[in-house]
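One structure below.
Chain identifiers are assigned alphabetically (A, B, ...) following the order of the sequence lines, protein sequences preceding nucleic acid strands; residue numbering begins at 1 within each chain.
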Number of protein chains: 2
Amino acid sequence: MAIRLDFRDDDFETRFAAFLTTKREVSEDVNATVRAIIDDVRENGDRALAAYTRRFDGLDFDKVSMRVGADEIEAAYRQTPREVVAALELAAARIEKHHARQLPKDDLYEDDIGVGLGSRWTAIDAVGLYVPGGTASYPSSVLMNAVPAKVAGVARIVMVVPAKDGAINPAVLAAARIAGVDEIYRIGGAQAVAALAYGTGSIAPVAKITGPGNAFVAAAKRQVFGTVGIDMIAGPSEVLVIADGENDPDWLAADLLAQAEHDRGAQSILITDSPALADSVEIAVSRQLKTLERAETAEASWRDFGAIILVPRLTDAVPLANRIAAEHVEIATADAESFVPEIRNAGAIFVGRHTPEVIGDYVGGSNHVLPTARSARFSSGLSVLDYMKRTSILRLGPDQLRKLGPAAVTLAKAEGLGAHAHSVAVRLNPGE
Amino acid sequence: MAIRLDFRDDDFETRFAAFLTTKREVSEDVNATVRAIIDDVRENGDRALAAYTRRFDGLDFDKVSMRVGADEIEAAYRQTPREVVAALELAAARIEKHHARQLPKDDLYEDDIGVGLGSRWTAIDAVGLYVPGGTASYPSSVLMNAVPAKVAGVARIVMVVPAKDGAINPAVLAAARIAGVDEIYRIGGAQAVAALAYGTGSIAPVAKITGPGNAFVAAAKRQVFGTVGIDMIAGPSEVLVIADGENDPDWLAADLLAQAEHDRGAQSILITDSPALADSVEIAVSRQLKTLERAETAEASWRDFGAIILVPRLTDAVPLANRIAAEHVEIATADAESFVPEIRNAGAIFVGRHTPEVIGDYVGGSNHVLPTARSARFSSGLSVLDYMKRTSILRLGPDQLRKLGPAAVTLAKAEGLGAHAHSVAVRLNPGE
């Protein structure tokens with residue numbers, strides 16, 4: 001049973017504030033282990049990489065090649081069920097189309113005194129994409145990370161995926177092929193992150209690493225940050241459903257459980273003005289849990305972190321939603337559209353009863369890598385911009401320097417930076 | 001004396017590669033101290049903040065108010081020399097004009113099957129701006145951080161600045177007034193970062209913290225990252241000057257020293273095809289060092305990290321520049337414009353002999369907060385986007401769900417996520 005909060009209760013603010021700061025993640029401290037692995041790979045390259053892979057994944061690079069061959073990718077693609085390939089291709093096409101609209105335009109112009117100014121965008125040269133092994137090896141995540149990189153124009157996209165005893169989920173390789181990724185290595189963990197960041201004899205280094213991973217991968221990404229760029233460190237997922245009384249409780253229960261089945265730390269929240277709906281959703285959740293494959297995970301998440309919040313009017317949900325700043329917000333109300341401009345803090349908003357969040361996970365076209373753990377207050381989902389960087393361009397001629405130079409000299413002197421002042425002054429007064 | 005590298009030497013690649021990885025920063029490990037300070041402020045709020053401020057800044061909040069009063073800001077503005085105020089106002093107006101062009105446009109559209117998709121940008125609600133105390137207290141940095149936040153539409157901008165024994169640089173308060181920042185607190189260090197991230201009785205928390213600081217501030221920003229957003233952790237600054245033989249060596253020497261005077265870890269690099277220019281710049285540097293206020297810092301930086309690289313043809317500078325990925329790149333050649341598209345990895349490019357980098361520090365209009373330490377390979381300078389976040393919007397009706405739903409179900413099942421599949425299937429087949 002999820003917790004229940006009622007906006008009208010005297011202690012609501014206290015309980016809601018406590019609810020907001022509930023910690024949903026136990027992070028193991030693996031920093032020392034990870035530090036040692038990174039240092040080893042940095043120093044000993046392929047030899048260290050092979051040793052860790054033998055130890056952690058039971059894989060011997062004397063017998064299996066580290067790089068996944070083109071024939072293997074092709075075979076995996078053919079081995080993947082036809083309807084899965086078709087669904088991946090539909091998803092990839094929609095993701096590509098949506099993300100192409102995110103491509104930023106350069107802005108190069110001259111201002112009113114003839115100064116040339118510019119913001120120029122270029123793709124990052126090389127990017128590494130981490131794909132987890134085992135059950136968390138999701139082909140949809142391959143698309144969500146690789147397609148925007150392709151759209152950005154990244155020339156080299158490298159994928160790493162741990163292959164316990166050699167096996168890689170064929171659908172993951174099929175997704176890579178569909179996304180146009182062909183440099184794939186059978187490595188994982190902190191050692192793979194280190195290889196991407198520093199390079200080895202076999203793997204040239206990249207400039208940025210994206211993609212989810214376990215505690216070791218997350219710690220390794222944090223440690224190599226600076227040497228390379230990284231994306232956000234993803235936390236456990238969450239959904240907030242804002243619903244009026246006119247919903248089918250089964251639909252909403254299914255959405256809450258879809259979130260809950262991800263992880264015991266996932267969080268599903270329902271805000272409604274209908275006590276009757278609250279009750280019937282709770283019952284539907286219990287009923288659906290009985291037939292769910294991942295019932296144990298979903299039940300733990302719903303029990304420990306799930307919540308139903310009753311509000312007198314649905315508009316009261318808005319300030320709560322903005323404080324929760326959920327990764328996903330579903331609006332299942334008659335006037336769903338009117339809520340959209342009010343919900344400022346959300347990774348993604350799913351509008352109306354026929355837009356379950358799961359559509360966004362796969363085939364909506366928008367990205368499913370979104371800010372978790374209230375970070376939608378200050379950050380955004382993955383986009384084409386994450387695979388590009390902006391360079392400023394400035395161009396002055398003698399006239400412009402004469403106009404702007406004196407102010408720069410004044411400020412440099414006020415800041416006590418004499419060489420700064422001189423660098424402008426020497427051009428203004430050649431005698432100086 | 002800076003080091004000299006010659007592209008034609010047999011060991012050039014080895015020496016250049018070593019040069020690229022030279023560490024220019026000694027980072028103290030202050031993590032444990034900072035952790036204790038943050039925990040204390042989080043738990044004890046204003047009381048802890050007052051205690052640390054008394055201890056580190058010699059300031060007693062029983063005698064001086066923590067918040068800087070409106071009258072004080074006004075007095076500082078009037079006390080700042082007229083020409084400095086005028087220069088700050090010119091700078092602020094140019095920064096505002098340039099950054100206004102960075103405001104992203106929302107993109108809300110319907111695709112060919114009637115799915116509503118959107119990327120909507122909103123300002124972060126509240127931002128904290130850290131301003132260092134003492135000699136590193138630069139009014140220009142106040143403008144570079146605060147003006148883009150204003151342009152983004154951030155409703156609440158909070159500034160913190162340590163005030164040893166109560167004193168704040170009047171020009172810093174003048175810059176705050178010009179930028180429209182009026183919530184200013186006399187606090188600094190890790191305790192100020194903690195107060196911004198978690199809030200205290202007197203200070204409401206913010207969602208993101210930007211601005212430079214010392215090792216304690218940097219460590220504190222890293223530690224609160226996740227709870228709030230942060231900007232990059234700035235490293236020591238660098239400039240790369242690409243120059244032909246037709247330059248005034250005094251101009252280039254001044255530019256190299258402007259960078260070097262910032263910090264002993266700053267780096268100034270000259271790449272030229274003219275051995276004669278290389279020699280005369282080196283001589284000019286030595287001569288200018290004699291009259292520089294900050295000669296000791298500049299000399300140490302030039303000696304330890306400065307470099308002159310000789311290339312046979314200036315076009316050979318391009319791949320080197322892209323590997324160096326400098327914060328600032330000056331192009332002082334006859335055909336400067338032709339280099340611009342080739343230099344992919346740079347925080348900012350200054351085109352032509354009359355565009356010293358210092359113009360960009362103050363009055364060019366572009367931002368002077370730029371990626372350091374080779375991070376221009378994967379990141380960008382500060383912009384309006386850093387003070388905003390993007391929310392994805394997705395809207396399907398029954399028709400669109402019928403079209404896309406089956407593929408989502410297929411993928412969810414392929415990924416072993418039964419509740420995901422059910423959340424779509426229950427809407428497609430109400431019996432299910």
So what's closer than 4.5 Å to chain B heavy atoms on [X]: side chain, backbone, both or neither?
X	result
A/Arg353	backbone
A/Pro104	neither
A/Ile343	backbone
A/Ala260	neither
A/Leu411	both
A/Ser379	backbone
A/Val206	backbone
A/Leu292	side chain
A/Leu108	neither
A/Glu330	side chain
A/Val115	side chain

Drop me the distance from [X]'s [atom1] to [Y]'s [atom2], to the nearest 0.5 angstrom.
X	Y	atom1	atom2	result
A/Lys105	B/Lys105	NZ	NZ	8.5 Å
A/Ser380	B/Trp121	OG	CH2	5.0 Å
B/Ile230	A/Phe378	CD1	CZ	9.5 Å

Side chain to side chain, [X] and [Y], heavy atoms closer than 4.5 Å:
X	Y	result
A/Leu396	B/Val351	no
A/Arg222	B/Phe225	yes
B/Leu394	A/Ile349	no
B/Pro356	A/Leu401	yes
B/Gln102	A/Ser119	yes

Quick one: does [X]'s side chain have a donor or acceptor within less than 3.5 Å of a partner on [Y]'s backbone?
X	Y	answer
A/Glu293	B/Leu417	no
B/Glu83	A/Thr410	no
B/Arg120	A/Val340	yes

Distance-minimising heavy-atom pair for [X] and [Y]:
X	Y	value
B/Ile359	A/Ala408	CD1-CB, 4.1 Å
A/Val426	B/Ala254	CG1-CB, 4.2 Å
A/Ala346	B/Thr391	O-OG1, 2.8 Å
A/Leu117	B/Gly364	CD2-O, 3.5 Å

Could you walk me through whether B/His420 and A/His262 satisfy the side chain to side chain contact (heavy atoms under 4.5 Å, CB included) test, starting with their C-alpha distance in whole Å, then the side-chain angles of each, then the deciding distance to 0.1 Å, before giving a yes or no?
CA-CA 9 Å; B/His420 278 62; A/His262 267 299; 3.0 Å; yes
Which label fits B/His98 and A/Tyr109: parallel for a plane angle under 30°, tilted from 30 to 60°, or perpendicular past 60°?
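Parallel, since the angle between the ring planes stays under 30°.
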So for [X], is it side chain, backbone, both, or neither that comes closer than 4.5 Å to the heavy atoms of chain A?
X	answer
B/Ala414	side chain
B/Asn345	both
B/Ala86	neither
B/Asp361	side chain
B/Leu143	neither
B/Pro139	both
B/Thr227	backbone
B/Arg94	side chain

Establish, from distance only, whether the side-chain atoms of B/Gln400 and A/His354 form a donor-acceptor pair under 3.5 Å.
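No.
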Would you check if there is a donor-acceptor pair between the side chains of A/Ser140 and B/Glu415 at a distance under 3.5 Å?
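Indeed, the side chains of B/Glu415 and A/Ser140 share at least one donor-acceptor pair under 3.5 Å.
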Which of the residues [options] is involved in the greatest number of heavy-atom pairs with chain A at under 4.5 angstrom?
options	value
B/Gly381, B/Gly405, B/Gly352	B/Gly381
B/Asn169, B/Thr122, B/Leu252, B/Leu404	B/Leu404
B/Ser366, B/Gly365, B/Ala373, B/Pro81	B/Ser366
B/Asp107, B/Leu257, B/Asp248, B/Val127	B/Asp107
B/Gly116, B/Gly360, B/Ala91, B/Ser383	B/Ser383

Which residues pass the ring pair (Phe, Tyr, Trp, His ring centres under 6.0 Å) test with A/His99, sequence neighbours left out?
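Expected list: none.
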Sequence neighbours excluded - salt bridge (charged side-chain N to carboxylate O under 4.0 Å, His left out) pairs with any residue from residues 377-395 of chain B
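Output for this query lists A/Glu337-B/Arg395, B/Glu110-B/Arg395.
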Under 4.0 Å between a Lys/Arg side-chain N and an Asp/Glu carboxylate O for B/Asp255 and A/Arg427?
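Yes, B/Asp255 and A/Arg427 are salt-bridged.
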Check this for me: does any side-chain nitrogen of one of B/Asp112 and A/Lys97 sit under 4.0 Å from a carboxylate oxygen of the other?
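A salt bridge links B/Asp112 with A/Lys97.
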Using a cut-off of under 4.5 Å for heavy-atom pairs, which of [options] has the most such pairs with chain B?
options	result
A/Gly397, A/Ala253, A/Gly347	A/Gly347
A/Lys208, A/Gln259, A/Gln288, A/Met232	A/Gln288
A/Gly418, A/Ala298, A/Ala123, A/Pro398	A/Pro398

Flag if over 12 foreign heavy atoms under 6.0 Å of CZ, B/Arg344:
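Counting other residues, nucleotides and ligands, CZ of B/Arg344 exceeds 12 neighbours.
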